[in-house]
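Right, one structure below, let's go through it.
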Amino acid sequence: VLDLDWLLHVDSDELLCLPQPAPRFFAGLAAAGCTMYTFSNVEGVPQQSDSTDVLQSVRLFRQNVGLVPRNPKAGIAFFSWQLRLGGWFLSYENGKSAVSVKHAVKCLSVCMWEVLPQLEPGR
């Protein structure tokens with residue numbers, strides 16, 4: 001049996017950047033009563049198809065559309081970029097969720113878990 005407190009699915013082409021070492025970050029979530037934490041993804045866009053290390057060479061990043069402020073100024077800027085680029089980068093926007101193993105009830109996908117107790121977002 002593995003002695004795990006948190007579980008997070010990270011693909012081989014993904015990089016997780018935390019504001020502090022992982023044990024301290026996840027201990028802080030647990031201390032705050034958090035049972036699942038969803039990371040907003042930021043997509044890197046390779047500009048060379050022959051890169052030997054994409055995580056080192058990517059310089060263009062697509063911010064998660066869910067993090068774009070909902071106001072007229074941001075809306076105009078967002079729409080202008082879509083016109084300029086011919087659309088928005090293709091990617092997923094649901095993020096990746098880490099789950100407290102002792103609160104995990106059911107894996108709904110690699111990005112989402114059912115947990116107990118159910119808590120309100122941001123609490």
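Just so it is clear, the structure is predicted and the values come from calculations on it, not from any experiment.
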*Does any pair with a residue in residues 97-108 pass side chain to side chain donor-acceptor pair (under 3.5 Å), and if so which ones, sequence neighbours excluded?*
T38-S97, S100-H103
*If you look at every heavy atom in C34 and W6, which pair is closest and at what distance?*
O-CH2, 3.5 Å
_My understanding is that only residues two or more places apart in sequence, or in another chain, count here; which of them pass side-chain hydrogen bond (donor to acceptor under 3.5 Å, both in side chains) with S40?_
none
*Those residues that, when tested against W113, pass ring-ring contact (aromatic ring centres under 6.0 Å, His included) (two or more places apart)*: none
*Point-to-point distance, once rounded to the nearest 0.5 Å, from CZ of R59 to OG of S57*: 7.0 Å
_Main-chain N/O of D11 paired to E14 side chain as donor or acceptor, under 3.5 Å_ = yes
*Could you state whether V101 and L108 fall into the same hydrophobic cluster, counting links through intermediate Ile, Leu, Val, Met, Phe, Trp or Tyr residues with side-chain heavy atoms under 4.5 angstrom apart?*
yes
_Minimum heavy-atom distance K96-V10, with the two atoms named_ = NZ-CA, 4.4 Å
*Set of residues satisfying side chain to side chain contact (heavy atoms under 4.5 Å, CB included) with respect to P21, sequence neighbours excluded*: P23, R24
*Stepwise side-chain contact (heavy atoms from CB on, under 4.5 Å) check, V99 with T35*: CA-CA 6 Å; V99 66; T35 56; over 6 Å; no
_Residues that D50 engages under side chain to side chain contact (heavy atoms under 4.5 Å, CB included), provided they are two or more places apart_ = Q48
*Of all residues at least two apart in sequence or in a different chain, which pass the ring-ring contact (aromatic ring centres under 6.0 Å, His included) check with Y37?*
F25, F39
*Between V115 and L4, is there a shared hydrophobic cluster once you connect ILVMFWY residues whose side-chain heavy atoms come closer than 4.5 Å?*
yes
*Common cluster, L7/M112, ILVMFWY with side-chain heavy-atom separation under 4.5 Å*: yes
